[in-house]
Amino acid sequence: MFDAHYEEIRRYIARRIPLDMAEDLAAETFLIAFQQRTLFDASLGGVRPWLYGIATNLIGRHRRAELRRYRALARSGPPPDEAAHDERVVDRLAARVAVGRLAQALAGLSPGERDAVLLVAYGALSYPEVAAALGVAEGTVASRLSRARTKLRNVLGMEV
């Protein structure tokens, strides 16, 4: 299970929190999965959504820091580009605006909406898999994503 899913789970976590912490939380995800292996219920979904659920719960412990990070990113824009300044000025300005707007939009979502959006966007999970990962009904996932899309459209001014 570790060999089959570690990298995917680590990437998902790394998209939500800083990389140095992501590796620790990915390892902790598998430690918890091993410790709770007797609680795994295959009738609720496969191992993959179960692991995403554990990872999402761990990320939830860091949600306040995540929200502060999105708000700071919305104020400051993306990190400086390593390429030559004269080659990337226009790209950086466009990225700063886009990243700032996206970070602001994500910060404006409720924690449940943000988890659902990021599980679909970063984890490429289906609605049933998101439902299993979050321990909610599939209809709840659909309504969270619908509300999130509306909020994102309003902030970003585009089709989401």
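Every heavy atom of this structure was used, including side-chain atoms; hydrogens, water molecules and symmetry mates were not.
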Inset, instruction - With the side chain counted from C-beta on, respond yes when L106 and K151 share a heavy-atom pair under 4.5 Å apart, and no when they do not. - result: no

Inset, instruction - Test side chain to side chain contact (heavy atoms under 4.5 Å, CB included) on V117 and L145 and set out the steps. - result: CA-CA 6 Å; V117 166; L145 288 171; 3.9 Å; yes

Inset, instruction - Give the C-alpha distance, both sets of side-chain angles, the deciding distance and a yes or no for side chain to side chain contact (heavy atoms under 4.5 Å, CB included) between R16 and D115. - result: CA-CA 10 Å; R16 306 265 321 255; D115 284 340; 2.7 Å; yes

Legend entry - side chain to side chain contact (heavy atoms under 4.5 Å, CB included) between R144 and V136, intermediate numbers included: CA-CA 11 Å; R144 285 180 183 177; V136 298; 3.9 Å; yes

Inset, instruction - Would you tell me whether T29 and Y6 have side-chain atoms, one donor and one acceptor, within less than 3.5 Å of each other? - result: no

If you look only at distance, which donor and acceptor atoms sit under 3.5 Å apart when one is on a side chain in residues 30-51 and the other is two or more places apart or in another chain?
residue : atom : partner : partner atom : Å
R37     : NH1  : F34     : O            : 2.6
D41     : OD1  : S43     : N            : 3.0
D41     : OD1  : S43     : OG           : 2.6
D41     : OD2  : S43     : OG           : 3.1
R48     : NE   : E8      : OE2          : 2.7
R48     : NH1  : E129    : OE1          : 3.2
R48     : NH1  : E129    : OE2          : 3.1
R48     : NH2  : E8      : OE2          : 2.8
R48     : NH2  : G123    : O            : 2.9

Inset, instruction - Please answer whether the main-chain N or O of L109 pairs with a side-chain N or O of R114 as donor and acceptor at a distance below 3.5 Å. - result: yes

Legend entry - Side-chain donor or acceptor of T56 paired with backbone N/O of Y52 under 3.5 Å: yes

Legend entry - Interatomic spacing from OG1 in T150 to CD in E113 - rounded to 0.5 Å: 9.0 Å

Legend entry - CD1-CZ distance between I13 and R11, expressed to the nearest 0.5 angstrom: 11.5 Å

Inset, instruction - Any chance you could measure E23, atom CD, to I17, atom CD1, to the nearest 0.5 Å? - result: 10.5 Å

Inset, instruction - State the CG-CE distance between L58 and M21, to the nearest 0.5 angstrom. - result: 11.0 Å

